[in-house]
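Scroll down for the structure; my scribbles are underneath it.
Quick caveat, the model's predicted, so the values are computed rather than measured. Labels below follow one simple rule: chain letters A, B, ... track the order of the sequence lines, proteins then strands, and each chain is numbered from 1.
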There are 2 protein chains.
Amino acid sequence: MDHWDAMEVLKDVNLRATPQRIAVLNVLKMLGQAHPTAEEIYVALKQEFPAISFATVYNTLKSFLDAGLLHELRFGDKASRYDLNTQAHHHLLCEVCGDLIDIYLPEVDVAQVLREHEFAMSGYHVEIRGVCKTCREHTLHKADTHL
Amino acid sequence: MDHWDAMEVLKDVNLRATPQRIAVLNVLKMLGQAHPTAEEIYVALKQEFPAISFATVYNTLKSFLDAGLLHELRFGDKASRYDLNTQAHHHLLCEVCGDLIDIYLPEVDVAQVLREHEFAMSGYHVEIRGVCKTCREHTLHKADTHL
DNA sequence: GTACTTGCAAACACTTTGCTAGTAA
DNA sequence: TTACTAGCAAAGTGTTTGCAAGTAC
């Protein structure tokens, strides 16, 4: 990943390398594990492109989704989050702070259920809900004050 | 499940047994595996309660969610789907017809990843995407016509 | 009787679309 | 040059909320 070139990535999937698209890719690359929402991407781009609009962000993300460059993650909250990580991976979702953490799990045994339902799987995703380390510590501290 | 009594269910979770709530529960029970959206529930209720509003449907569903009577499922498409099935189960999602199928999987081994991230899990959900039996057959038939 | 619920309309948040000027190839 | 893209504004979709009238308990 040391030789990441947004322009190349775009050419590889036959998308025009506009400055905005390059910037969106770089923002996603930089924010990495932060799984930004469209708004967060918009804010990040606003510095370099004061005239950028939400339409461009959404159009760009849609192009990238269609091209398979990223994944869209939708959870309990409203806004979609976008994930450039194309490796097979899963997520921890903190129900307190809303944070999303990439995890890697041993393969889940789905063969039986696919056979049963004659279902042609294209992929699967495991979402683990709960409370992250940071929020647990905060909760414990708050609880302490009540002792 | 032969002795399902919506009124009892509501009393058990300290919710007032209004006719609309009872009807929503019964609709969810009847539609079962269909995982209806708020709109589908609204349409189903409209017959019995011509004056019912979306606000009531959403308020009711929110009460039920808070009471733990059902689960909210959000996928690629826009509208949330509601699932009365409170057993631990997972879903097949057909990317062609959008159908959602309940499945039961052997436990996924998450202990390691939880330990690693010091994450307190409250639950997990596996979403398997792909093409269901019915849609696969349709696709095959269409493909046949091109031979 | 009281606190909660309904139904309406309006507001809301997120996303998409129609269009014109502009730009990558 | 030509087909695609950016940016704007407006519309669309799913969901939530404020409030007056009504109802479960």
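Residue A/Gln20 places none of its side-chain N or O atoms closer than 4.0 Å to OP1 or OP2 of C/dT23. Proximity of B/Ser80 to the phosphate of D/dG14: no side-chain N or O atom is located under 4.0 Å from OP1 or OP2.
C/dC14 atom P lies 11 Å from atom CZ of B/Arg74, rounded to whole Å. Nucleotide C/dG7 holds its C1' atom 16 Å from the CD atom of B/Glu48, rounded to whole Å. Summarising the geometry, the separation between OH on A/Tyr58 and C1' on C/dC14 is reported as 5 Å, rounded to the nearest angstrom. What separates NZ of A/Lys46 from C1' of D/dA6 is a distance of 12 Å, to the nearest Å. To the nearest angstrom, C1' of C/dT15 lies 17 Å from CZ of A/Arg81. Counting to the nearest Å, the P atom of C/dT5 and the CG atom of B/Leu61 are 14 Å from each other. Distance B/Tyr82 OH to D/dT15 C1': 8 Å, rounded to the nearest Å. For the pair A/Leu10 CG and D/dA6 P, the computed distance is 10 Å after rounding to whole Å.
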**OP:** Mark up nucleotides 18-25 of chain D, 5' to 3', with B wherever a protein heavy atom is under 4.0 angstrom from a base atom, S wherever such an atom reaches only the sugar-phosphate, and - elsewhere.
**Re:** ------BS
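Ring geometry for B/Tyr42 against B/Phe54 counts as parallel: the plane angle stays under 30°, on a 0 to 90° scale with 60° as the upper cut.
Between B/Ala38 and A/Ile52, the one whose closest nucleotide on DNA chain D sits nearer the 5' end is A/Ile52. Residues B/Ser53 and A/Glu39 both approach DNA chain C. Their nearest nucleotides, taken by heavy-atom distance, put B/Ser53 toward the 5′ side.
For A/Glu39, the CD atom counts as loosely surrounded, since its 6.0 Å shell holds 12 or fewer non-hydrogen atoms of other residues, nucleotides or ligands.
The heavy-atom pair separating B/Gly98 from B/Leu93 by the smallest distance is O-CD1, 3.8 Å. Closest heavy-atom contact between B/His71 and B/Asn85: ND1-O, 3.6 Å.
Of the listed nucleotides (C/dC8, D/dA6, D/dG14), D/dG14 has the atom at the smallest distance from the side chain of B/Lys78.
A ring-centre distance under 6.0 Å is found for A/His90 and A/Tyr124. Aromatic ring centroids of B/His125 and A/His125 lie 6.0 Å or more apart.
Contact of the A/Glu127 side chain with the A/His91 side chain is not registered, since no non-hydrogen atoms from C-beta on lie closer than 4.5 Å.
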